[in-house]
Amino acid sequence: MSQIELPKVYNPQDFEDRLYKFWLKNDLFSPKGEGEPFVVAIPPPNVTGVLHMGHGLNNSLQDALVRYWRMKGRPTLWVPGTDHAGIATQQVVERRLQKEGKTRHDLGREKFVALTWKVKEEHHAIISQQLKKIGASLDWSRERFTLDEGLSRAVRQVFVTLYERDLIYKGRYLVNWDPEAQTAISDDEVEHKEVAGFLYHIKYPFADGSGFVQLATTRPETLLGDVAVAVHPSDERYTGLVGKMLKLPVADREIPLIADPFVDKEFGTGAVKITPAHDPNDFEAGRRNNLPQINILNPDGTLGPNVPERYRGLTGPQARKKMVQELTDLGLFVEAVPHKHMVGHAQRSGAVVEPYLSEQWFVRMKPLADKAMQALREDQIRFFPKRYENTYTNWMENIRDWCISRQLWWGHQIPVWTCGDCGHVHVKMDTPNTCEKCSSKTLKQDEDVLDTWFSSWLWPFSTLGWPELTPDLAKFYPTTAVVTAYDIIFFWVARMVMAGMEFTGKAPFRDIYMTPLVRDKQGRKMSKSLGNGIDPLDIVNEFGADALKFTMVYLSAQGQDINLDKEGFKLGSKFANKIWNASRYLLMNIPDEGVLPAGQIQKNDVDRWIEGRLNATIRNVDEAMANYRYNDVGHAVYDFFWNDFCDWYIEATKLEFNAGAERKRQAVSKLVLVLEESLRLLHPFLSFITEEIYQQLPGHAFSLVTAPYPVADPARDDASVASQFLALQELVRGIRTLRSEFTIPPEKDIEVVVGLDAGYAHSKFLKAHRDLAALFTGAEGLSFGDQGNKPAGAVTVVGKGFESYVLVRDIIDVPKEKEKLKKTIEKTSGYVLSVEKKLSNQAFVASAPVEIVEGERTKLLEAKENLERLTAYLEELEG
RNA sequence: GGACGAAUAGCUCAGUUGGUUAGAGCGGCUGCUUUACACGCAGCGGGUCGGGGGUUCGAAUCCCUCUUCGUCCACCA
C-alpha cells in the first residue's frame with residue numbers, strides 16, 4: 001500500500017558515493033547568491049601522506065559548519081587544497097630512492113623534483129578521494145596547491161616585498177640544523193624532549209701548569225670547538241685568574257679564561273666552556289667577547305675538518321665516548337653524573353637537532369607580530385575557545401626571527417639571483433636574464449628553497465588569487481573562519497594573521513575555531529608507532545560517513561580533547577540507523593492518494609507540541625553554531641529527533657493511524673512535514689542519509705544541500721501546550737514505572753483511574769487526550785475521577801496535581817509497594833526539609849531574586865502535598 | 001622555571017554568565033519479537049562533583065591552597 005519503500009536495512013555504502021557524485025555534477029558546492037559570504041579555506045593536508053583521524057575530525061566539523069551556513073543562504077565557499085610539505089615530502093621520496101640504493105644527488109635536482117611531483121600526484125589523488133568519501137562539500141573548481149603557479153607567484157611577491165621593506169635579511173647565524181635532512185629548520189620545528197644523559201665533570205689545566213679549572217658539560221665532544229672558559233666577573237673563586245690561558249686538552253689549543261655575567265655562579269663550579277659554533281648561549285657570549293667560532297661538524301652531524309684527524313667522521317655518540325676515554329687517560333675526567341635534560345629533536349625527521357653555524361635567510365618578525373597583536377586587540381579575530389588567545393599572545397610577545405631558508409630541493413626556490421661577475425644581488429618577482437648592474441649574463445639563483453610555512457601563511461588570500469586582484473579575492477576575502485587543531489597555532493594560525501595584516505591590511509579570517517585533538521581511549525596521541533590510530537576511511541566503510549561526522553560533532557566540546565576508539569562511532573551509526581528506520585516507517589505509510597496539501601492540514605495539540613519542540617531545537621542549534629559549540633548542536637538535534645520525534649510524536653500518531661483512512665492521511669501528512677524539516681535541520685551533520693531520504697519525500701526540492709535551513713518562528717512557540725504535554729508525559733511515565741516495577745507484562749491490560757485535583761490546570765488536556773494516555777500506558781479503560789476517590793485495591797502513583805490509581809490488587813506485591821512508598825516518602829520529606837530551611841532563612845528571602853524565592857515556595861507546596869498523599873496512602877496500606 | 005588545561009555515575013564525558021532534587025552516551029540490571037528500528041522499546045539502579053579552606057542567602061560553577069595527571073613554552077652548562 002505504500003508508495004515509497006526505503007531498503008529495510010540502513011546501508012550507507014549503497015548511496016553515499018552516488019550522492020556525492022550527484023552533488024558534484026550539479027555544482028552544489030560553489031558559492032551562490034548575494035549577501036555576506038561565508039568562507040573557509042581548508043587547512044591544506046600534506047601531500048606526503050593520507051588523511052588521519054585528525055583530518056577526519058577537522059573536516060567533519062568544517063563540513064558541518066559550511067553546510068549549515070550554505071543552507072542559511074549565505075554565498076558559501078569552502079576552498080580545497082593541499083600543501084607541498086617541503087621536508088616531509090622530500091623525505092618520503094628520498095626514502096624511496098634509498099630502497100633502490102640511490103640518493104637525490106644521483107638524480108640531480110631537476111629529475112628529483114620531477115619525481116617528487118609524481119609522488120605528490122599519487123598522494124593528492126588519495127587525499128581528494130578521502131575528502132570526497134567523508135562528504136566534504138568543497139568547491140573543487142577552486143582547488144589549490146601551495147606549489148602551483150599562482151601560489152608560487154604569491155610567495156615570490158611576498159619575499160620581494162618583505163625584502164624591500166627590510167623585513168628579510170641574510171646572515172650567518174647559529175640555526176637549528178637537522179642532520180638527517182641536512183637542512184636548517186625554524187625554532188618552531190624543534191621539539192624538546194627530555195633525555196636521560198650525563199653531566200660530565202672535566203678539568204682544563206692552566207697553560208702554565210698552575211692547576212685546573214673544573215667544569216661540567218652534557219656534551220664533552222664539543223670540547224673540540226671550545227674557544228674559552230667563562231666565569232662570572234664577581235666570582236671570588238676565580239679572582240686573579242681571569243685572563244690566564246688554559247690548555248684545551250685533546251685539541252691541544254690554548255684558550256682564555258674570561259669573565260661574563262651570563263654565567264650562573266651557583267651552578268656547578270661556576271665555570272662554563274664556551275663553544276660559540278654549537279651552543280646558542282655560547283654564540284652570544286662569543287660575539288660579546290669577540291671570540292672565534294670553530295665549527296666542528298659536517299652537515300650530516302659527524303665531526304668535520306676542524307678537529308684532530310682521529311675524530312673526523314665520527315658520529316656524536318662515538319666522539320663522546322672517545323673523548324671521555326681520552327680525558328680519562330689524561331687524568332682530566334672527574335665523573336659523569338646522571339642528568340636529565342631537554343634535547344631538541346627535528347619535528348619531521350626525529351633527528352637530534354644540532355645548533356649549527358650557517359648562512360641563512362631570516363624574516364624580521366617583530367614588526368609583523370605587532371600588527372598581528374593589533375588584530376587581536378581590535379577584535380578583528382576571535383578565538384574559540386577564548387583561552388587560546390593566551391597561547392597566541394605569548395608567542396607573539398616572545399617572537400624571534402624566522403629562519404626561512406631550507407637546504408632542500410622540494411619547494412619554492414628563493415627568488416634571489418647573484419651576479420657571478422660583479423656580485424650584485426637581485427631580488428625579483430621574475431627571473432632576471434642579465435645583471436642590472438653590469439649586464440653580465442652569469443646570474444645564479446640561490447640554491448635554497450623556502451620553508452613550507454612561507455607559502456602556507458598566505459593560504460587564505462593566495463588561494464583566492466592574490467596578488468592578482470581577482471573577483472574571488474574581492475568577494476571572499478577576508479575569509480570567515482579557520483578550523484584547525486590547536487597544536488598548529490604557531491606554525492600556521494599566528495603566521496596567517498601576520499601575513500594577512502602585512503599584505504592585505506586585514507586579518508585573514510574572523511573566527512579561529514581550535515578543534516580538539518583526537519586521542520585513543522587512554523588519552524594518548526594517535527600515532528603510527530603506537531598503532532593506535534583510527535583510519536577515517538575504515539570508519540566510513542564500517543559505519544558510514546554520516547556516523548563519522550555526527551560522532552565528531554557530538555563529541556567536540558570546546559577545548560576538550562576527544563578520547564575514543566572505533567566503538568565510539570557507533571554513537572553516530574546508531575543515530576543514523578534510527579533516522580533511517582523512522583523515515584522508512586513514515587514513507588511506507590503514505591497512502592496511495594499521497595499526502596494532503598498544506599491547506600487541508602489540521603493541527604492538533606500534539607502537532608503543536610512537536611512544532612514547539614522543533615522550534616526550540618532550531619533556536620538551540622542556531623545559538624550553538626554561532627559559538628562553535630558543536631557538542632551542544634549534536635545533543636540538541638539528537639534529543640529532538642530521538643526522544644521527542646520518535647519516542648513521543650511518532651508513537652502518538654499511531655492512535656491516528658488506527659482511526660480510519662482520513663485521519664491516518666492527516667497524521668502521515670503532518671509526520672512528513674516534520675520529517676522534512678528535521679532532515680533539513682540534520683543535514684549539516686548527517687549529510688548523506690538526510691539527502692537520501694529527502695529525495696524520496698513527496699514534493700521535495702532539488703537537493704538538501706541548497707534547501708533553506710529551518711528558521712525558528714516565534715509563532716510556533718506554544719508554552720501552554722508544552723506544559724500540558726509535560727503533564728501527559730508525567731502521567732504516562734508514572735504508570736509505566738509502576739508497571740515495570742511490579743513486572744506487569746505489557747500485554748496485560750490494567751485498569752487505571754486518574755484522580756484529578758479540583759484546581760488542576762491540565763485536567764482538561766489530560767481528559768481530551770485520554771486515548772493517548774491509554775495507548776502509552778497500555779490501560780485501555782483508563783478513566784478520570786476526582787482526586788482522593790481511590791478505588792479499593794488500587795495502587796497510587798502520585799503526580800503534581802493528580803494521582804493515578806492503578807487497580808492491580810491481584811498482581812501486586814503489597815510489601816514491595818510499601819517498601820517503595822517508604823522510600824519515596826523519605827526522599828520527599830528530605831527535600832521538603834531542605835526547601836523549608838532555605839525559605840526560613842531571612843537572608844535568602846531578602847537577597848535572592850523574587851522569581852527564585854517564588855519558585856522555591858511553589859516547589860515546597862507541591863512537595864508537601866505529595867508528602868501528605870503518600871503518607872496517607874501508606875497508612876491505608878498498613879491499616 | 002613559566003603558562004594553560006583536566007580531575008563529576010563502573011567507562012568516556014556534558015554542565016555558557018553561581019539559583020534543578022547534578023545530566024547524556026556506553027556498560028550493568030529488569031521486562032518486552034508492542035503496526036519502522038534488538039543499531040530497538042519501556043523501566044531501574046549508580047555520584048559526599050579530587051582533598052582542605054574561603055566568599056555568598058545560595059558553589060560542581062567564583063577565590064585561595066594542596067594532590068594527581070596532561071599539554072605548550074623556556075639557552076641553566
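FYI, side chains are in, hydrogens and waters are out, and symmetry mates aren't considered; it's all heavy atoms of this structure.
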Quiz item: Which residue, E856(A), R857(A), K838(A), forms the side chain to side chain contact (heavy atoms under 4.5 Å, CB included) with V845(A)?
Solution: R857(A)
Exercise. Identify which one of N281(A), D226(A), T217(A) satisfies the side-chain hydrogen bond (donor to acceptor under 3.5 Å, both in side chains) criterion when paired with T275(A).
Key: D226(A)
Practice problem: Heavy atoms only: give me the nearest F575(A)-V637(A) pair and the separation to one decimal. | Solution: CZ-O, 4.0 Å
Practice problem: Would you please say whether a donor-acceptor pair under 3.5 Å links the side chains of Y486(A) and D561(A)? | Solution: yes
Quiz item: Between the side chains of E189(A) and S186(A), is a donor N or O closer than 3.5 angstrom to an acceptor N or O?
Solution: yes
Which atom pairs link the protein and nucleotides 22-25 of chain B when you take only N or O atoms and keep those under 3.5 Å?
from	atom 1	to	atom 2	distance (Å)
rA24(B)	O2'	Y554(A)	OH	3.2

Quiz item: For E567(A) and K570(A), what are the C-alpha separation, side-chain angles and deciding distance, and is it a salt bridge (Lys or Arg N to Asp or Glu O under 4.0 Å)?
Solution: CA-CA 6 Å; E567(A) 288 297 294; K570(A) 279 190 177 166; 3.0 Å; yes
Exercise. Could you tell me whether S573(A) contacts a base, only the sugar-phosphate backbone, or nothing, with contacts defined as non-hydrogen atoms closer than 4.0 Å?
Key: base
Practice problem: Check the side chains of Y173(A) and D401(A) for a donor-acceptor pair under 3.5 angstrom, ignoring hydrogens and angles. | Solution: no
Quiz item: What does nucleotides 68-77 of chain B look like as a protein-contact string, B for base, S for sugar-phosphate only, - for none, at under 4.0 angstrom between heavy atoms?
Solution: ----SSBBBB
Self-check item: Separation of rG27(B) P from D565(A) CG (nearest whole Å)
Solution: 12 Å
Self-check item: Test log, rule side chain to side chain contact (heavy atoms under 4.5 Å, CB included), inputs I512(A) and M514(A)
Solution: CA-CA 6 Å; I512(A) 302 166; M514(A) 308 310 321; 3.4 Å; yes
Self-check item: Pairwise C1' distance for rU68(B) and rG51(B), with rounding to whole Å
Solution: 11 Å
Quiz item: How far does the P atom of rG19(B) sit from the matching atom of rU61(B), given to the nearest Å?
Solution: 11 Å
Practice problem: Using the P atom as the reference point in each nucleotide, state the distance between rG15(B) and rA7(B) in Å, no decimals. | Solution: 9 Å
Quiz item: Does the pair F550(A) and F685(A) meet the rule for a ring pair (Phe, Tyr, Trp, His ring centres under 6.0 Å), with working shown?
Solution: CA-CA 5 Å; F550(A) 186 76; F685(A) 322 109; 7.4 Å; no
Quiz item: What's the verdict on salt bridge (Lys or Arg N to Asp or Glu O under 4.0 Å) for E623(A) and R629(A), showing C-alpha distance, side-chain angles and the deciding distance?
Solution: CA-CA 8 Å; E623(A) 161 86 20; R629(A) 301 183 62 93; over 6 Å; no
Quiz item: Whole Å only: how far is the CD1 atom of I689(A) from the P atom of rA36(B)?
Solution: 18 Å
Interface polar pairs with nucleotides 55-60 of chain B, N/O, under 3.5 angstrom:
from	atom 1	to	atom 2	distance (Å)
rC57(B)	O2'	N841(A)	ND2	2.8

Self-check item: Between rC44(B) (P) and R739(A) (CZ): distance, integer Å
Solution: 15 Å
Exercise. Go through N176(A) and D187(A) one step at a time and tell me if the side chain to side chain donor-acceptor pair (under 3.5 Å) criterion holds.
Key: CA-CA 7 Å; N176(A) 302 295; D187(A) 294 337; 2.7 Å; yes
Quiz item: With nearest nucleotides of RNA chain B determined for L564(A) and V835(A) from heavy-atom distances, which residue corresponds to the more 5′ nucleotide?
Solution: L564(A)
Quiz item: Given the C1' atoms of rG25(B) and rC39(B), what is the spacing between them in whole Å?
Solution: 14 Å
Quiz prompt | Whole angstrom value for the distance that separates P of rC37(B) from CG of N581(A) | solution = 6 Å
Practice problem: Pick the C1' atom in rG23(B) and in rU8(B), then give their distance to the nearest Å. | Solution: 10 Å
Self-check item: Polar side chain donor-acceptor pair, W402(A) to D188(A), under 3.5 angstrom
Solution: no
Self-check item: Short side-chain N/O contact to rC39(B) OP1/OP2 from W642(A), under 4.0 Å
Solution: no
Practice problem: Determine, step by step, whether F384(A) and Y628(A) satisfy the ring pair (Phe, Tyr, Trp, His ring centres under 6.0 Å) criterion, reporting the C-alpha distance in whole Å, the side-chain angles of both residues, the deciding distance to 0.1 Å, and the verdict. | Solution: CA-CA 7 Å; F384(A) 296 88; Y628(A) 300 87; 4.7 Å; yes
Quiz item: Of the nucleotides rC41(B), rU30(B), rU16(B), which one has an atom closest to the side chain of R629(A)?
Solution: rU16(B)
Please tabulate, for side-chain N and O atoms in residues 860-867 of chain A, each donor-acceptor pair with protein atoms closer than 3.5 Å (sequence neighbours left out).
from	atom 1	to	atom 2	distance (Å)
K864(A)	NZ	E836(A)	OE2	3.4
E865(A)	OE1	R869(A)	NH2	3.2

Exercise. Determine which bases of RNA chain B form Watson-Crick or G-U wobble pairs with both distances under 3.5 Å, and write the result as a 5' to 3' dot-bracket string with | for other-strand partners.
Key: (((((((..((((.....[...)))).(((((.......))))).....(((((..]....))))))))))))....
Practice problem: Using the P atom as the reference point in each nucleotide, state the distance between rA3(B) and rG10(B) in Å, no decimals. | Solution: 35 Å
Exercise. Remember a base hit wins even if backbone is also touched, and classify K859(A) as base, sugar-phosphate or nothing at under 4.0 Å, heavy atoms.
Key: sugar-phosphate
Quiz prompt | Integer angstrom distance from the C1' of rA24(B) to that of rC63(B) | solution = 30 Å
Quiz item: Among rA36(B), rC39(B), rU20(B), which is the nearest nucleotide to the side chain of K578(A)?
Solution: rA36(B)
Quiz prompt | From E692(A) atom CD to I579(A) atom CD1, the distance as rounded to the nearest 0.5 Å | solution = 13.0 Å
Quiz prompt | Smallest separation among heavy atoms of G634(A) and Y554(A), with atom names | solution = C-CD1, 3.7 Å
Self-check item: Separation between the P atoms of rC4(B) and rC62(B), rounded to whole Å
Solution: 14 Å
Quiz prompt | Parallel, tilted or perpendicular, as decided by the 30° and 60° cut-offs, for the rings of F543(A) and F569(A) | solution = parallel
Exercise. Determine the contact category for R733(A): base if any of its heavy atoms lies under 4.0 Å from a base atom, sugar-phosphate if only primed atoms, P, OP1 or OP2 are that close, otherwise nothing.
Key: sugar-phosphate
Self-check item: Length of the CD-P vector between E851(A) and rG19(B), whole Å
Solution: 13 Å
Filtered N/O pairs between nucleotides 33-35 of chain B and protein, under 3.5 Å:
from	atom 1	to	atom 2	distance (Å)
rU35(B)	N3	N658(A)	OD1	3.1
rU35(B)	O4	K654(A)	O	2.8
rU35(B)	O4	N658(A)	OD1	2.7
rU35(B)	O4	N658(A)	ND2	2.5

Quiz item: Between atom CD in E741(A) and atom C1' in rG45(B), what is the gap in whole Å?
Solution: 10 Å
Exercise. Can you tell me the distance, in whole Å, between the CG atom of D561(A) and the C1' atom of rA7(B)?
Key: 15 Å
Quiz item: Could you give the CD-to-P distance, from E623(A) to rG15(B), as a whole number of Å?
Solution: 14 Å
Quiz prompt | Sole residue of K273(A), H278(A), R320(A), E354(A) in side-chain hydrogen bond (donor to acceptor under 3.5 Å, both in side chains) with T222(A) | solution = K273(A)
